[in-house]
Each structure stands twice: as C-alpha cells, then as structure tokens.
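Here the structure comes first, spelled out in structure tokens, and everything after it is commentary.
One-based numbering, in listed order, for ligands and for the atoms of each. Just the heavy atoms: all of them, side chains too, but no hydrogens, waters or symmetry mates, feed the values below. Just so it is clear, the model here is predicted, and its values are computed rather than measured. Heads up: numbering here begins at 1 and tracks the sequence.
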Amino acid sequence: MAALLCRRSLPRTWLCRRAGQGCGRHYRAALCAELKQPLAIEEVARRPVRPHEVRVEVHFCGVNFADILVCRGQYQEKPPLPFTPGMEFSGTVLETGADVSSVKEGDRVIGVSGFNGMAEECIADQKTLWRVPEKVSLQEAAVLPVSYGTAILALEHRAHTQPRETVLVTAAAGATGLAVIDVATNVLQAKVIAAAGSDDKCKLAVQRGAQGSVNYSQGSLKEAVRRLAGSRGVDVAIDMVGGEVFLEALRSLAWEGRIVVLGFAGGNIASVPANLLLLKNISAMGLYWGRYQDQDFPVFSRSLSSALQYCQQGRIRPYVGSVFKLEEVNDAFLHVIQRKSTGKVLLSLK
Ligand SMILES: NC(=O)c1ccc[n+]([C@@H]2O[C@H](COP(=O)([O-])OP(=O)(O)OC[C@H]3O[C@@H](n4cnc5c(N)ncnc54)[C@H](OP(=O)(O)O)[C@@H]3O)[C@@H](O)[C@H]2O)c1
C-alpha cells in the first residue's frame with residue numbers, strides 16, 4: 001500500500017476501498033502514509049469506543065497550516081505513520097462510552113483531536129469536546145478551536161490587551177489573523193493594524209474590522225506602521241510570519257509593548273535583538289495554544305468556552321474563506337501553501 005501511495009503518477013486524490021477487511025461499519029478518512037506525499041482517501045473500519053470516549057460524526061474539519069507541516073514532518077509533534085491529519089472538527093455525537101457524562105448522542109460539538117479530524121467519523125476523549133450552543137452553526141463552530149482559541153489566548157492571556165490599545169497583526173487575512181482582528185476589535189475594543197502580503201488581503205482585513213492595513217510585500221512594515229500609528233508605535237504585535245516581518249513588528253512596538261510569536265509561516269525564525277527589549281521595556285513572548293491542553297487545561301478549555309460564548313452572543317463572526325470536500329483535501333492543502341487562502345479553510349464531510 002505504501003508503495004502505491006507514493007507513486008506520483010496517481011491522481012492526487014483517490015478512493016481506495018478495502019471492503020471485506022475488518023469488521024462492522026467503515027468510514028472514509030484522509031490518510032498520510034508517507035511524509036511529503038499526497039494524502040489518500042481510504043475506507044477504514046470502526047473500532048469500539050473506550051469508556052471515556054465519544055464517537056463523533058464529523059461535519060466540518062479545519063485545514064490548518066499546522067496540518068500541512070505535520071504531513072511534511074516539519075511540525076513540533078510527529079505522529080507515527082500512517083495517520084489521519086485534522087486537529088479540530090465540528091459534528092454530532094454518534095455514540096458515547098460507558099463513563100461519558102458530558103455529552104450524549106445527538107449533541108452538536110466541537111472537538112480538538114490529536115490527528116484524526118479529516119474523516120467522516122472520529123473518536124475523541126470526552127474532555128476534548130465542547131457543546132455548541134443552538135445559535136451557532138456547525139460551520140461557524142468549526143472555525144473556533146484553533147484560530148479563535150489561539151487569538152483569545154494571544155490577546156487576552158498573554159498580551160493582556162486593553163481597550164483602545166493598538167494591535168498589529170501579521171498574516172492578517174489568514175485564519176488566525178482574521179480571528180485576531182475579530183477578537184481584538186469586537187471583544188477587547190482595541191484598534192487593529194492589519195499587515196498582509198497583498199492589497200486584496202489588506203482590503204479583506206479592513207472589511208473584517210481592522211482600522212488600517214499595510215501590504216508588507218511593498219516596502220518597510222515599520223515605516224508603514226509608523227505612518228498609521230504615529231511615532232509612539234503599537235502596544236501589541238501578534239506575529240505569525242517570522243523572519244524580517246517579525247523584526248519589523250518588534251521595531252514597531254511602543255514603550256512597554258508586547259509581541260507574541262505564534263508561528264513562522266514565512267519559513268525563517270528570527271533572533272530577538274535583546275537591546276530592543278531593554279530600550280523600550282518590551283516583552284517578547286510565545287504562544288503555543290495546543291500545549292495548554294497538557295500544561296494548563298483550565299486555560300485551554302476557557303479559550304474554547306469563551307470562543308463559543310462570544311459567537312453565541314454575536315460578538316464575533318468567524319470567517320470561512322473556502323470549503324473543500326474530503327476527496328479534495330490535497331487541493332485544500334495546496335490552496336493554503338500557495339498563499340491563496342483567506343480566513344478559515346474547511347473540509348466538509350457531509
Ligand atoms: N502557536 C500557535 O498556537 C498557533 C496557532 C494557530 C496558528 N499558528 C501559526 O500561525 C501561522 C498562520 O496560521 P493560519 O492557520 O492562520 O494559516 P493561514 O490561514 O494559512 O495563513 C498563513 C498566512 O501566512 C502568510 N505567509 C507568509 N509567508 C508565507 C509563506 N512563505 N507560505 C505560506 N504562507 C505565508 C500568508 O499571508 P500573507 O500572504 O498575507 O503573508 C498566509 O495567508 C502558521 O505559522 C501557524 O502554524 C500558530
């Protein structure tokens with residue numbers, strides 16, 4: 001099978017039926033059998049749920065930059081092959097284990113799973129599921145875990161963003177970027193300067209609530225931010241690009257400014273010039289949202305409950321840029337890698 005999966009002559013997606021193998025019902029899942037190769041769609045056999053586990057019928061699964069990194073072997077976490085990617089999903093509960101008390105059959109839920117969301121069904125520990133309120137659609141809900149969980153912890157828990165402060169966000173039209181704009185503007189009453197790689201992305205960021213924008217593919221980010229925010233600079237910077245963009249964001253900070261490192265989408269990890277931290281009493285910090293699940297579960301869980309609550313109250317409006325079918329998963333990955341995506345990219349499993 002592995003030999004088949006890496007044959008480049010095969011179409012990027014195909015359905016491999018393994019009828020007759022295993023017992024009971026089967027469901028379709030995306031499978032990474034070899035790193036840096038297209039994913040396959042396979043039919044896999046159900047396994048029984050353990051006492052604390054829940055079987056969920058997946059409606060939507062987020063396609064995250066991190067999923068692509070995992071399938072290339074370039075992510076912090078490296079699951080053993082073969083695996084099904086997909087770290088967040090929304091859906092309905094199909095079956096619960098004997099010890100499950102938090103959800104019941106038919107409940108609408110969002111979940112965070114290690115690596116099994118890109119499938120028609122998945123099994124999750126009951127601790128990693130949150131009930132979706134009635135007013136929130138399963139499509140909107142699927143945007144919340146990674147993007148809004150991260151935005152909320154970056155802005156609230158790490159940077160302690162205050163009303164009327166100015167926030168600079170890079171990769172601003174991406175899934176996390178738009179979530180940062182939404183939470184900063186509509187929940188925290190901060191002002192946002194959006195930095196992105198094209199005029200169209202800048203326009204979208206402004207439509208979604210940013211007060212100003214900078215296209216960093218056209219000259220100095222720091223100079224453009226200075227024109228928008230004044231010589232004092234910005235209070236908070238949330239960076240996902242790394243390299244020179246990170247350094248320019250750092251140099252754009254005001255006295256006692258805070259910069260939060262979320263990722264390195266541009267591929268380069270910059271070193272922090274410590275003298276810049278000293279001169280303006282700046283704090284530079286990181287945020288790895290998923291790590292809170294193991295290290296500080298109450299904080300992790302609160303980020304999801306807050307996202308659901310803000311959404312139910314109509315204070316945030318998750319933005320879905322594109323929806324692909326399961327069998328189009330490789331096209332969805334390309335869409336993200338080629339920087340064509342805006343907002344959240346979802347797989348629809350229904
Ligand atoms: N630390 C955490 O817990 C956490 C959580 C969520 C996401 N992240 C990280 O944050 C980053 C953005 O995630 P996302 O889910 O918002 O992704 P996304 O929607 O795919 O956005 C990524 C954006 O990065 C920018 N980018 C700059 N250089 C790029 C390059 N060489 N290749 C591809 N994109 C490039 C692009 O925007 P422009 O064209 O506008 O530059 C692109 O739209 C990723 O690095 C991700 O791993 C971290």
* Asked: Any idea which of Asp239, Leu262, Asn64 brings a heavy atom closest to atom 8 (N) of ligand 1?
  ->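 Shortest heavy-atom distance from atom 8 (N) of ligand 1: Leu262.
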
* To do: Run down the list Gln338, Gln76, Lys201, Met87 and name the one with the heavy atom closest to atom 37 (O) of ligand 1.
  =>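 Shortest heavy-atom distance from atom 37 (O) of ligand 1: Lys201.
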
* Asked: Should Asp107 and Lys104 be marked as a salt bridge (Lys or Arg N to Asp or Glu O under 4.0 Å) after you check the CA-CA gap, both sets of side-chain angles, and the distance that decides it?
  -> CA-CA 6 Å; Asp107 278 354; Lys104 60 179 188 322; 3.0 Å; yes

Whether the side chain of [X] engages the backbone of [Y] through a donor-acceptor N/O pair (distance < 3.5 Å, no angle test) should be reported.
X	Y	result
Gln126	Val103	no
Thr92	Gly106	no
Arg315	Gln309	no
Asn64	Asp67	no

How close does the nearest protein non-hydrogen atom get to [atom], and which residue and atom is it?
atom	value
atom 21 (O) of ligand 1	Gly174 CA, 3.8 Å
atom 23 (C) of ligand 1	Ala171 CB, 3.7 Å
atom 11 (C) of ligand 1	Met240 CB, 3.6 Å
atom 5 (C) of ligand 1	Thr150 OG1, 3.2 Å
atom 36 (C) of ligand 1	Arg339 NE, 3.8 Å
atom 41 (O) of ligand 1	Tyr216 OH, 2.6 Å
atom 22 (C) of ligand 1	Phe65 CD1, 4.3 Å
atom 32 (N) of ligand 1	Ala265 O, 3.5 Å

May I ask you to check if ligand 1 and [X] share an N or O to N or O distance below 3.5 Å?
X	value
Ser198	no
Gly197	yes
Leu69	no
Val241	no

* Under-4.0 Å salt bridge between Glu156 and Arg302 ->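 Judged by the 4.0 Å cut-off on N to carboxylate O distance, Glu156 and Arg302 do not form a salt bridge.
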
* Is the closest basic N to carboxylate O distance between Glu120 and Arg28 below 4.0 Å? ->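 The answer is yes: the pair qualifies as a salt bridge.
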
Region of [X] engaging ligand 1 - heavy atom pairs below 4.0 Å:
X	result
Thr176	both
Leu287	backbone
Phe264	backbone

* Partner of Asp235 by side-chain contact (heavy atoms from CB on, under 4.5 Å), out of Glu256, Glu165, Lys191 ->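 The passing option is Glu165.
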
* With sequence neighbours excluded, tell me which residues meet ring pair (Phe, Tyr, Trp, His ring centres under 6.0 Å) with Phe264. =>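 Listed in chain order: nothing, the list is empty.
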
[X] heavy atoms, cut-off 4.0 Å: which ligand 1 atoms fall inside?
X	value
Ala196	40 (O)
Ala175	16 (O), 19 (O)
Val336	20 (O)
Trp289	2 (C), 3 (O)
Tyr288	1 (N), 3 (O)

* Using the six-membered ring wherever Trp is involved, compare the ring planes of Trp289 and Phe300 and label them parallel, tilted or perpendicular (cut-offs 30° and 60°). =>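 Ring orientation of Trp289 relative to Phe300: tilted.
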
* Asked: Any luck finding a side-chain donor-acceptor pair between Asp182 and Tyr319 under 3.5 Å?
  ->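 Looking only at side-chain atoms, Tyr319 and Asp182 do not form any donor-acceptor pair under 3.5 Å.
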
* To do: Taking atom CZ of Arg47 as the centre, report whether more than 12 heavy atoms of other residues, nucleotides or ligands fall under 6.0 Å from it.
  =>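 Yes, the 6.0 Å shell around CZ holds more than 12 heavy atoms from other groups.
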
* **Co-members of Val49 in a cluster of I, L, V, M, F, W and Y side chains, linked at under 4.5 Å** =>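 Traced through the cluster, Val49 reaches Ile123.
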
